[in-house]
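Okay, structure first, notes after.
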Amino acid sequence: MWSWPFAWQIAPELLRAVQTTIAATLAGFALALVGGLLLAFARRAKPRGVSLAAAGVIEFVRSTPLLVQLYVLFYGLPSAGISLPPFAAGVLGLGIHYSAYLAEVYRSGIESVPRGQWEAATALNFSRRQTWTRIILPQAIRPIIPVLGNYLIVMFKETPVLSAITLVEMLMTAKMIGSASFRYLEAFTLAGMLFFLLSYASSLLIRRLESKLTQR
Amino acid sequence: MSLFDLFPSLAKGAALTVEVTVLSALVAFAASFLAGFGRLSRRKSVRALTAVYVEVFRGTSLLVQLFWLYYALPLLGVELPPLAAGVIALGLNHGAYGSEVVRSAVLAVPRGQTEAAIALNMTPWQRMRRVILPQAFVMMIPSFGNLLIELLKGTSLISLITLADLTFQGMVLRTFDASRTFEIFALVLVVYFALAYPLTLGMRGLERRLTAGRV
Amino acid sequence: MNNTRQTADPIVRYRSISKTFGDLTILHEIDLDIAPAEKVAVIGPSGSGKTTLARLLMTLEEPTSGTIEVNGELLWHKRVNGRLVRADERHLHKMRGNIGMVFQHFNLFPHMNILRNVTEAPIHVLGLPREEAVERAVTMLEKVGLGDKLEAYPSHLSGGQKQRVAIARALVMRPSVMLFDEVTSALDPELVGEVLAVIKEIAREGEMAMMLITHEMDFARDVADRVIFTDGGTIVEEGSPEQIFHDPQSPRLQAFLSRFRAGSGKEVMR
């Protein structure tokens, strides 16, 4: 049933596909880091309309499947005249989807900064911009670093969904190997093992980072 | 063709989405408690076994698990119909996350509660059932609510193993008129939101009701 | 009074009880008898092992060595073919029926109202019919002055009220030995009096033996038949309240008492 020679034979191909998976993860994460921060600011904005709209976007994006969001970007946008290659659509979809999650993470970080810090910044006559960049954000981001790290792993594990918009990442590669040889067992098991090894190792790293951050 | 022409087949798909969500949620709920208590067991072998289950299902991706059950498992002689593969993958995957919720909630009940229950001579089962669980359960609700939304969203993946859920119906409609793709999938998103939002509100309400008078 | 009790069979008997955590010795070779209906106060500095004494009897912690007997029966052990083996949960369950405990931090069940806090164990542990359990509970809650709070939840009560509920909850089980583990230490000073008054009242009535672990020296003197001073995991001195408070023998007890009179001064304040 299980053939080791075959497993060894397909391993290099899967390992090559890991690169696409990781590239999509990192690009999507970078997008989500920025998008999440912008949404978090919008959520705190003074005009009620802006803050409500941001809350609505966050709630809507979080409550609907990434897969369908990807379909909108990849299959839907061309009818509006915008055609994106699979990688770009995938990264954009991942980035938007997780912006909504990270917005909430940023929010909790910002809210954890004591009121006195704002007051001290005002008392020292910092401008609004300086208050954010020099006083608030540095304190808000430090405690959420492990949470952000965990979301990086979550996003990594979501990337197989990108195969549905024809991106040839690890799962798609495994599926193509499987359908060509009818040996799905080795292909999917190896893909699963690669996901496990990478995500488990990263989660151990993040746990260490977390205990280091809380030590101080 | 107007927007309303899309509704009948989307409604059919939504019905399957709801069905799979409910079935998987039941599996996930049972797995959460079994594995959550398994990790708290006094026996090392039980703890180790459940830890492996939890780490494997959390460490690999849901879609990989789904494909593995659907495509790879038959080669080991176990052929699952798509619906069963979908419900098992969704249930066990979210059950692994849920077990952490159960475990941490049980551990979060103060030690003094167990001690008071011992001092009143309750049996271990009574301690759990009458003192620990009612308090732990309230703490689990917000996380379970979030997991349920994740589960509902996760059901969209079963469209990739031929099940005609909401997402699948969207794909089918698109083949009739590709120029309306944007409109179709936007509508699909709205339907998902309409399914998820009441869950969010319901969970918030449940939490309020259960904590009423106690805090 | 003391002497007549010494002759009766003790209801609790600690024999060479030791408790260690790793390198740390909490209790060292303790021997202690408590007679039926006897009120024993245990005083001593923090970390002297006095709380552990009660927790071992309540089966919250297991002794490292030694035995405890309750009513002449081994608590933590069973005799199998002449050898002592650790008792199973069933045996512990049977033995616990004799013992009740009130905790420093109350440990009321926050998800139950006051009446249910007090009826839960009578119904489900003793198997009493609901009406009887409620009757018992209401009588007891009235006795501790909380007959009007039956429907309230613990979070709505003051510390003193919570502790009185906890006392009622333990009493309805009708134990033969009651353990009070620093029951006023977590209370605001102005609430201490109401709780001590309730305990004094119970002690006056009582056929029940009591072990009172406390920092309230006046209270210990008023209520106890016998006072035990523990320090460093051993019983350093014991005797009647008069002996202990007015004629302490060991330097350690003398130092402890003088610190109490001069220092944090609960003794001085009243």
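Predicted, not measured: the structure shown is a model, and the values here were computed from it.
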Check: residues 17-34 of chain B side-chain donor-acceptor pairs under 3.5 Å, at least two apart:
from    : atom 1 : to       : atom 2 : distance (Å)
B:Thr17 : OG1    : B:Gly13  : O      : 3.3
B:Thr17 : OG1    : B:Leu166 : N      : 3.1
B:Thr21 : OG1    : B:Thr17  : O      : 2.6
B:Ser24 : OG     : B:Val20  : O      : 2.5
B:Ser32 : OG     : B:Ala28  : O      : 2.7

Short side-chain to backbone donor-acceptor contact, B:Ser61 and A:Glu158, under 3.5 Å
no
Only distances under 3.5 Å count here; give the side-chain donor-acceptor pairs of residues 89-99 of chain B to other protein atoms, sequence neighbours excluded, each with its distance to 0.1 Å.
from    : atom 1 : to       : atom 2 : distance (Å)
B:Asn93 : ND2    : B:Phe57  : O      : 3.3
B:Asn93 : ND2    : B:Gln65  : OE1    : 2.9
B:His94 : ND1    : B:Leu90  : O      : 2.9
B:Tyr97 : OH     : A:Lys157 : NZ     : 3.3
B:Ser99 : OG     : B:Ala96  : O      : 2.8

Drop me the distance from B:Arg58's CZ to A:Ile153's CD1, to the nearest 0.5 angstrom.
9.5 Å
To the closest 0.5 Å, what do you measure between NZ (A:Lys175) and CG (B:Leu160)?
7.0 Å
Search all heavy atoms of B:Ile149 against all heavy atoms of A:Ser63 and return the closest pair with its distance.
CG2-CA, 4.2 Å
Interface residues of residues 21-60 of chain A facing chain B - non-hydrogen atoms under 4.5 Å apart:
A:Glu59, A:Phe60
Go through the atoms of B:Thr155 and report whether side chain, backbone, both or neither lie under 4.5 Å from a heavy atom of chain A.
neither
Measuring heavy-atom distances to chain A, does B:Leu76 have an atom under 4.5 Å in its side chain, in its backbone, in both, or in neither?
both
Could you please state which residues from residues 69-95 of chain A sit under 4.5 angstrom from chain B, measuring non-hydrogen atom to non-hydrogen atom, sorted by number, or 'none'?
A:Gln69, A:Tyr71, A:Val72, A:Tyr75, A:Gly76, A:Leu77, A:Ser79
Toward chain A, the part of B:Ser156 with a non-hydrogen atom under 4.5 Å
both
B:Leu75, part contacting chain A, at a heavy-atom distance under 4.5 Å
both
Flag side-chain contact, heavy atom, 4.5 Å: A:His97 against B:Lys153:
yes
Inter-residue atom distance A:Tyr184.OH - B:Trp68.CH2, 0.5 Å rounding
15.0 Å
